[in-house]
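One structure below.
All residue numbers in this chain count up from 1 along the given sequence.
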Amino acid sequence: MVENDALDATRDGYDAAALTYAQLFRDTLRDRPLDRAILGAFAEVVRAGGDGRVADLGCGPGHITAHLDELGLTAFGVDASPAMIELARRAHPGLRFDVGSMAALDIADGALGGVLSRWSIIHTPPQELPVILAEFHRVLAPGGHLLLGFSASEDPSHPTQLFDHAVAPAYRWWPDHLATLLRESGLTEVARMIREPEPTDRRQFREIQLLARTAQAGAA
């Protein structure tokens with residue numbers, strides 16, 4: 001299981017920062033056309049697979065879950081922070097939000113057409129990430145899609161790099177290394193979006209969004 005110390009630190013940090021976080025990021029998609037585009041593509045491939053049920057894992061205050069709902073998906077959110085879930089339920093009373101851990105999801109095997117993990121793996125200790133990725137694979141139906149967002153490390157000789165996140169210790173990942181971990185968990189990369197930082201961004205990190213999918217039923 002993912003180490004309790006890391007989970008506790010992350011949960012407590014986001015509980016304390018929930019109101020500030022919600023205010024800062026509730027309009028995060030407004031000035032990010034590329035993010036809207038990749039979320040739209042994710043919604044389209046999930047719908048094309050015939051199952052629009054999607055879990056937004058690490059949903060925070062629920063603004064991205066609500067966007068997925070607007071894109072025609074049956075979306076619900078899960079977050080380790082009770083304070084975040086309370087804010088999400090208040091802001092979006094028509095949607096479902098649950099407190100939970102990505103390491104042990106209360107979701108049946110193969111129940112979902114899609115999983116969104118948008119910068120929610122960054123606080124996971126690197127040695128524990130395979131547990132999370134295995135859970136993503138477990139809950140996805142055959143042919144289901146995962147959209148995984150994270151910040152990139154600087155070179156392949158440093159597949160993970162610790163950085164000074166304001167809430168809890170956090171990690172950047174070399175994209176090819178993370179794609180390999182996905183493949184080892186049964187998820188095949190099908191697309192990758194790389195966003196270079198703006199000059200005004202506080203952290204000059206490249207942002208990566210990987211789209212992957214599970215094998216189709218009956219595939220060899």
Side-chain angles (χ1 to χ4, degrees), residues 14 17-102 105-108 110-122 132 135-137 139-151 167 187 189-195 198 201 207-214:
Y14 279 103
L19 283 171
T20 300
Y21 185 99
Q23 292 168 356
L24 286 174
F25 293 102
R26 63 187 173 191
D27 296 322
T28 187
L29 292 177
R30 183 182 56 195
D31 300 320
R32 287 182 167 249
L34 293 178
D35 284 17
R36 295 196 305 272
I38 193 68
L39 288 169
F42 170 67
E44 186 170 341
V45 295
V46 170
R47 289 197 309 268
D51 185 348
R53 190 169 182 234
V54 170
D56 178 8
L57 302 180
C59 65
H63 54 297
I64 303 298
T65 317
H67 184 72
L68 295 177
D69 177 71
E70 292 169 0
L71 292 173
L73 299 173
T74 304
F76 65 98
V78 179
D79 201 282
S81 164
M84 286 290 196
I85 291 298
E86 180 61 27
L87 289 176
R89 288 170 176 167
R90 290 180 190 173
H92 310 288
L95 299 179
R96 171 187 159 195
F97 295 97
D98 299 325
V99 176
S101 166
M102 293 189 297
L105 294 165
D106 187 19
I107 300 171
L112 303 178
V115 165
L116 176 67
S117 172
R118 185 177 166 86
W119 278 265
S120 59
I121 64 165
I122 64 170
I132 304 292
E135 274 293 272
F136 292 172
H137 180 270
V139 300
L140 281 168
H145 284 80
L146 165 70
L147 182 60
L148 182 68
F150 58 97
S151 296
V167 174
L187 290 150
E189 179 184 352
V190 295
R192 181 183 304 193
M193 187 179 84
I194 303 171
R195 178 185 174 274
E198 298 289 342
D201 288 348
E207 295 184 353
I208 311 296
Q209 299 200 50
L210 291 179
L211 182 66
R213 71 176 169 218
T214 61

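Distance check: D27 CG to R32 CZ gives 12.5 Å after rounding to the nearest 0.5 Å. Atom CZ of R26 and atom CG of L87 lie 11.0 Å apart (nearest 0.5 Å). Interatomic distance, L39 CG to E44 CD, rounded to the nearest 0.5 Å: 13.0 Å. Atom OG1 of residue T74 and atom CG of residue L68 lie 10.5 Å apart, to the nearest 0.5 angstrom. How far CZ of R192 is from CG of L148: 11.0 Å, rounded to the nearest 0.5 Å. Rounded to the nearest 0.5 angstrom, E135 CD and I107 CD1 are separated by 8.5 Å.
No side-chain heavy atom of V190 sits under 4.5 Å from any side-chain heavy atom of V45. A 4.5 Å side-chain heavy-atom check between L73 and H67 finds every atom pair outside the cut-off. At least one side-chain heavy atom of I64 sits less than 4.5 Å from a side-chain heavy atom of L29. Between L105 and L57, the closest side-chain pair of non-hydrogen atoms falls below 4.5 Å. Contact check for I132 versus F136: side-chain heavy atoms found under the 4.5 Å cut-off. Within the 4.5 Å cutoff, no side-chain heavy atoms of D79 are placed close to those of F97.
For the side chain to side chain donor-acceptor pair (under 3.5 Å) with D35, the lone residue among Q209, R195, R30 that qualifies is Q209.
A 6.0 Å sphere centred on CZ of R118 holds more than 12 heavy atoms belonging to other residues, nucleotides or ligands.
Heavy atoms only, all atoms of each residue included: Y14 and S81 are closest at C-OG, 3.8 Å. Scanning both residues, G52 and V46, for their nearest heavy atoms gives CA-CG1, 3.9 Å.
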